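Worth knowing before you read on, the calculation uses all heavy atoms, side chains too, and leaves out hydrogens, waters and symmetry mates. All figures in this text were calculated on a predicted structure; none of them were measured in a lab.
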Amino acid sequence: MKIYNTLTGRKEEFVPIEPGKVRMYVCGPTVYNLIHIGNARPMIVFDTARRYMEYKGYEVNYVSNFTDVDDKIIKKAIEEGVEASVISRRYIEECKKDMAAMNVRPATTHPLATEEICGMLEMIRTLIDKGHAYVAADGTVYFRTRSFREYGKLSHKNLDDLRGGSRSLLVSGEDQKEDPLDFVLWKPKKEGEPYWDSDWCEGRPGWHIECSVMSRKYLGEEIDIHAGGEDLIFPHHENEIAQSESANGRTFARYWMHNGFLNIDHKKMSKSLGNFFTVRDIAEKYDLQVLRFFMLSAHYRSPLNFSADLMESAASGLERIVTSVENLKFLLGGAKEENLRAGEEELLKEADGFRVEFEEAMDDDINTADAVSALFELVKFANTKADAGSSAAFLSALLSQLRTLADVLGLIVDKKEEMLDADIEAMIAARQAARKAKDFAKADAIRSELLEKGIVLEDTREGVKWKRA
């Protein structure tokens, strides 16, 4: 399997640090609102990469954080008159619901920034002791960027060139910096903000330090893959490398994977342009499996354009696969012969060629676009070769292969049995009874079961409202 490594600018054979095991860190969202479709792309593509590695037999330790302390979270908390933790907890839960609807598997670990402060303080102390960081008069701690000689190796930027365009690194208190390129590791508290005690001042961490610390804690000092959106290459991932390698004295990540930008009708997504969509916005029009299928229709490193026409095309494409699976299930229900009929063994060998094409595509830097094409070829084959005279063994083999390859892509291709309204109301009543009895675990389990069946609940002052997703 080959992976395009942003660090080296070329495809490289993937060789994990420990045979048979993969340590993978993916930068997660800042939880101040519902996630948007730009957030969804890395979630989907790197979940698919993880699935494929597991399909290949690797044991994957997959870590993806939630940034739960940030200026945007604090701003929203002040607007609502609540603690910042109320905002972050709310949107972590909403994010998890959207991930489930997109069939994005939970990470092995979803660390929270606020629960890793001790580790951040420890790493900052190490950086100060090694001369890679310094404390300003007001207690702000800065990373001494020029102390890390390889700074810029990921983004392929030159330090001297960066001096003229360092706006993305600038923060308040620039006059305290030894160099304009130095960035914040720890900053003093402001009125109304959450804060923690430190050796330097009461304050909170800078954004970049959290991922370095979480990665080290849950995956070790050196990891196999670090991934995220292309927009994170500089300065976030560049700063992570500087911090981690300066503190740990070894390579931070062997392979760096970055997905391309998502545009809306060939324009950058922006609230000011009126083309900003949350995942929930899309869920009002489409099953989120369609969004997942759409995201996988292009190579993850390529820019991807989102439009109504392309989503309709994705919906039709996914329906072709689902219809083929339903047709095989229908034929299987009426099949009489259990064993392969004459000629079917050769047909299955031909069908296996599509699996080989699928794997070759995925081995080539997780090329989901070509993998989807191979899946469509298998669908076409199944539609033309399977009929009422096919044996149960032949039909089962085709069905299993379709389901297996679709599952690698995270696509749910078996139609959900639609619940009757009466059954939904009965489960809602049972949930209300559990809540009244303060059996919140049971209430949550009922809600999750309904969500799995495509029923979304909304608790309102007027009672529980529900809708089909």
Non-neighbouring partners of [X] that pass side chain to side chain contact (heavy atoms under 4.5 Å, CB included), sequence neighbours left out:
X	result
Ala107	Tyr62, Ser64, His110
Arg431	Arg435, Ala443, Ile446, Arg447, Leu457, Asp459, Val464
Phe376	Phe293, Arg320, Ile321, Val372
Ser396	Leu332

Quick one: does [X]'s side chain have a donor or acceptor within less than 3.5 Å of a partner on [Y]'s backbone?
X	Y	result
Asn305	Asp265	yes
Lys190	Glu193	no
Glu230	His258	no

Taking ring-ring contact (aromatic ring centres under 6.0 Å, His included) as the definition, give me every residue that meets it alongside [X], ordered by chain and number, with sequence neighbours left out.
X	result
Trp256	His226, His237, Phe252
Tyr58	Phe14
Tyr218	none
Phe394	none

For this session: Flag the pair Arg403 and Asp414 as a salt bridge only when some basic side-chain nitrogen lies within less than 4.0 angstrom of an acidic carboxylate oxygen.
Result: yes

Problem set entry | Test: Glu221 and Arg250 ion pair at under 4.0 Å | yes

For this session: Apply side chain to side chain donor-acceptor pair (under 3.5 Å) to Lys217 and list each qualifying residue two or more places apart in sequence or on a separate chain.
Result: Glu116

Exercise. Who are the side chain to side chain donor-acceptor pair (under 3.5 Å) partners of Lys72, not counting sequence neighbours?
Worked result: none

Exercise. Does the side chain of Asp365 pick up a donor-acceptor pair with the side chain of Tyr300 at under 3.5 Å?
Worked result: yes

Exercise. Can you check ring pair (Phe, Tyr, Trp, His ring centres under 6.0 Å) on Tyr52 and Tyr55, steps first, answer last?
Worked result: CA-CA 5 Å; Tyr52 185 62; Tyr55 168 82; 5.7 Å; yes

Problem set entry | Intermediate values then yes/no, ring pair (Phe, Tyr, Trp, His ring centres under 6.0 Å), His132 and Phe148 | CA-CA 7 Å; His132 292 290; Phe148 183 66; 7.4 Å; no

Exercise. Under a 4.5 Å cut-off applied to non-hydrogen side-chain atoms, are His36 and Phe277 in contact?
Worked result: no

Problem set entry | Glu80, CD: over 12 other non-hydrogen atoms inside 6.0 angstrom | yes

Exercise. When Glu54 is tested against each of Arg51, Lys56, Arg50 for salt bridge (charged side-chain N to carboxylate O under 4.0 Å, His left out), which residue passes?
Worked result: Arg50

Exercise. In chain order, what residues pass the salt bridge (Lys or Arg N to Asp or Glu O under 4.0 Å) check against Arg292, with sequence neighbours excluded?
Worked result: Asp47

Seminar exercise, completed: Residue set satisfying salt bridge (Lys or Arg N to Asp or Glu O under 4.0 Å) with Asp364, at least two apart, ordered chain then number -> Lys11

Exercise. Tyr4 and Tyr255: aromatic ring centres closer than 6.0 Å?
Worked result: no

For this session: Could you tell me whether Phe354 and Phe381 have their ring centroids closer than 6.0 angstrom?
Result: yes

